[in-house]
S.K.: 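To start, I am sharing the structure in question, which I have written as structure tokens.
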Amino acid sequence: MKKNNSPAEGPAGLVYTARLPLSSTTLNWLADLIRGHLKKIGSRWRALPAGKIAGIVLAVLRYDQRPGDLAGGNVVYRTTVSRWVREVVGLLAARAPSLDRALKRIARSGGGEVLLDGSLIRTRRRTETENRKNYSGKRKCHGLLVTALTDDKGPPGLGERRPAWTRLGDRLLPPRKLTAHLRAAGLGAIADPGFIGLDDGGPDADPTVITGYKAARNRPLTRGEKLSNEALAAVRAPVEHGFAHLKNWRVLGKVRTDPRWATALVRALMVP
């Protein structure tokens, strides 16, 4: 019986090269990270060198290239490319700061508040009981609401996925002890009107989360409320720019794998 060792993707087809808008420093840094990991786990052989693996992973994350297409051009299996991507994402996510560490770093640098924002990442349609809670009534699609905190200088430094659907749509985020972490670090948060109701402090306590005003059908905003919203929007510009920069990684256009992997993916892309 003749053995067939050709890749499962079929015979070789046309191969093209593409330019990634990333520096060689990024490629070399990621390749060194992969080499250190391989040395740590005692892996003596891989189908491709660490530098080539780093380039393939960056192509998947930056341009959302299909693993099967990259596998055919590099004479490896699609599952091999997918395994490399998950391995590297795990390495990068492990280097992302935790919530408490990020808040302490902001407090030590002299900051008194953080900027809070959220963005929806589309996912595939879920099945059975997972379908409804991951459907966004506002965006009319399935997705995960990713929240991020940052100071007033840089892009988001940490993130966590949450189901996009709640009883009030995807505009309200459950506290989940976030305000407790902020109080412990001695910080406050500035957020958009979508986070109204996040602060669980008492009526006499100083507000931990400051949000803008939201108009209702029977109550338009006053001139003072509009000016307050404009001032908060100007302050929140860095976190908006951070999310815009984060979504340059086109793999976040739509997560086609297990949504539970989205947490590690977002944290990996936030590593400076």
S.K.: What are the two closest heavy atoms between L70 and A59, and how far apart are they?
M.R.: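 Between these two residues, the closest heavy atoms are CD1-CB, 4.2 Å.
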
S.K.: Rounded to the nearest 0.5 Å, what separation is found between the NZ atom of K247 and the CG atom of L269?
M.R.: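 One finds 12.5 Å between NZ of K247 and CG of L269.
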
S.K.: State, with a plain yes or no, whether a side-chain heavy atom of L22 is found less than 4.5 Å away from one of L27.
M.R.: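 With C-beta onward as the side chain, the pair stays apart.
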
S.K.: I'd like to know if the side chain of R78 and the backbone of P67 have a donor-acceptor N/O pair within less than 3.5 Å.
M.R.: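 Checked: no pair found.
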
S.K.: Nearest 0.5 Å, please: how far is CD1 in I196 from OG1 in T211?
M.R.: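 If I round to the nearest 0.5 Å, the distance is 4.5 Å.
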
S.K.: When you compare the side chain of W84 with that of V76, does any pair of heavy atoms fall below 4.5 Å?
M.R.: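 Sidechains of W84 and V76: in contact.
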
S.K.: Please round to the nearest 0.5 Å and tell me the distance separating atom CG of D117 and atom OG1 of T150.
M.R.: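 OG1 of T150 is found 10.5 Å from CG of D117.
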
S.K.: Which heavy-atom pair separates A31 from A54 by the least distance, and what is that distance?
M.R.: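 Looks like N-CB, 3.9 Å.
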
S.K.: Using side-chain heavy atoms (C-beta onward) and a distance below 4.5 Å, is V239 in contact with L116?
M.R.: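 A side-chain contact is absent here, since even the closest heavy-atom pair is not under 4.5 Å.
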
S.K.: Got L145 and S119 here, is their nearest side-chain heavy-atom distance under 4.5 Å?
M.R.: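 Of all side-chain heavy-atom pairs linking S119 with L145, none is under 4.5 Å.
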
S.K.: Do you know the tightest heavy-atom contact between F195 and T147?
M.R.: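 Result for this residue pair: CE2-CG2, 4.4 Å.
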
S.K.: Using a 3.5 Å cut-off and no angle test, enumerate the donor-acceptor pairs between side-chain atoms of residues 85-93 and protein atoms at least two apart in sequence or in another chain.
M.R.:
from: E87; atom 1: OE1; to: R46; atom 2: NH1; distance (Å): 3.0
from: E87; atom 1: OE2; to: H37; atom 2: NE2; distance (Å): 3.0
from: E87; atom 1: OE2; to: R46; atom 2: NH2; distance (Å): 3.2

S.K.: Where do L103 and H181 land on the side-chain contact (heavy atoms from CB on, under 4.5 Å) test, with the steps shown first?
M.R.: CA-CA 8 Å; L103 293 177; H181 288 275; 4.0 Å; yes

S.K.: Flag yes if more than 12 heavy atoms outside R219 fall under 6.0 Å of its CZ atom; otherwise flag no.
M.R.: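 Correct, the count exceeds 12.
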
S.K.: Is there a side-chain contact between V114 and I190 (heavy atoms, below 4.5 Å)?
M.R.: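 They are not in contact (no side-chain heavy atoms under 4.5 Å apart), so the answer is no.
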
S.K.: Salt bridge (charged side-chain N to carboxylate O under 4.0 Å, His left out), that's the test. Do E225 and K214 meet it? Break it down for me.
M.R.: CA-CA 9 Å; E225 292 173 341; K214 184 178 295 186; over 6 Å; no

S.K.: Are more than 12 heavy atoms from other residues, nucleotides or ligands located less than 6.0 Å from atom CZ of R122?
M.R.: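 Atom CZ in R122 is not packed in, count stays at 12 or less.
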
S.K.: Kindly compute the distance separating CD1 (I53) from CG (L30), expressed to the nearest 0.5 Å.
M.R.: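 So the CD1 of I53 and the CG of L30 are separated by 10.0 Å.
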
S.K.: Quick one: does Y213's side chain get under 4.5 Å of S228's, heavy atoms only?
M.R.: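 SC-SC contact between Y213 and S228 confirmed.
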
S.K.: Determine the minimum heavy-atom distance between L144 and A262, stating which atoms define it.
M.R.: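 Smallest interatomic distance, heavy atoms only, reads CD1-CB, 3.7 Å.
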
S.K.: Quick one: pull up CZ in F243 and CG in L246 and give me the separation to the nearest 0.5 Å.
M.R.: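 Here the rounded value is 6.5 Å.
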
S.K.: Give the minimum heavy-atom separation between L120 and G143, together with the two atoms involved.
M.R.: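 Reported closest heavy-atom pair: CD1-C, 3.9 Å.
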
S.K.: Keeping the roles fixed (side chain from R66, backbone from D64), state whether a donor-acceptor pair exists under 3.5 Å.
M.R.: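 Present.
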
S.K.: Where do R62 and P21 come nearest, in terms of heavy atoms and distance?
M.R.: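 For R62 versus P21, the nearest heavy atoms are NE-CG, 3.6 Å.
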
S.K.: Within the structure provided, determine whether V81 and I56 are in side-chain contact (heavy-atom separation under 4.5 Å).
M.R.: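 V81 reaches I56 side chain to side chain.
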
S.K.: Are L265 and L33 linked, directly or through other ILVMFWY residues, by side chains that come within less than 4.5 angstrom of each other?
M.R.: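 In one cluster: yes.
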
S.K.: Quick one: are T26 and L20 in side-chain contact, heavy atoms under 4.5 Å?
M.R.: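 No - every pair of side-chain heavy atoms lies 4.5 Å or more apart.
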
S.K.: How long is the gap from OG on S82 to OH on Y77, to the nearest 0.5 Å?
M.R.: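 The OG atom of S82 sits 14.5 Å away from the OH atom of Y77.
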
